[in-house]
Amino acid sequence: EMGKVSAEAKLEVSNAIGLKDGWLDMVKEANEDVHLGGGEEGKAESIVVRDPLGVVVVISPWNFPAGEIPFLAIPALAAGNTVIVK
């Protein structure tokens with residue numbers, strides 16, 4: 001037996017869905033440029049800009065917790081990458 005009882009599976013999916021607000025806050029924060037320095041006249045300013053890298057592959061076993069795929073995929077999507085889930 002490799003499966004889960006229905007109640008455990010429903011709880012797992014419910015927990016994964018419940019994390020969405022935290023993930024959405026992270027997405028907003030990740031897409032903002034970060035300005036460092038430059039507050040005073042004559043000081044140099046640096047800007048941290050996050051650019052996508054390309055394609056990210058998320059490989060997860062079929063019987064892994066349901067929250068694992070969003071945990072791995074959402075940060076990559078937030079950075080503008082394409083995600084392939086297996």
Check whether any side-chain heavy atom of Thr82 lies under 4.5 Å from a side-chain heavy atom of Val56, and answer yes or no.
no
Just so I know, are the side chains of Leu53 and Asp51 near enough to count as touching, which here means a heavy-atom distance under 4.5 Å?
no
Is there side-chain contact between Ile84 and Val58, with heavy atoms separated by less than 4.5 Å?
no
According to a hydrophobic-cluster definition based on side-chain heavy atoms being under 4.5 Å apart (Ile, Leu, Val, Met, Phe, Trp, Tyr only), do Leu72 and Val57 belong together?
no
Where do Pro75 and Pro70 come nearest, in terms of heavy atoms and distance?
CD-O, 3.8 Å
Close side-chain approach of Val5 to Glu8, heavy-atom, < 4.5 Å:
yes
Which residue is it: Ile17, Leu11, Val13? I am looking for the one with a side-chain contact (heavy atoms from CB on, under 4.5 Å) to Asn15.
Leu11
Backbone N or O of Val55 within a donor-acceptor pair of the Asn81 side chain at under 3.5 Å?
no
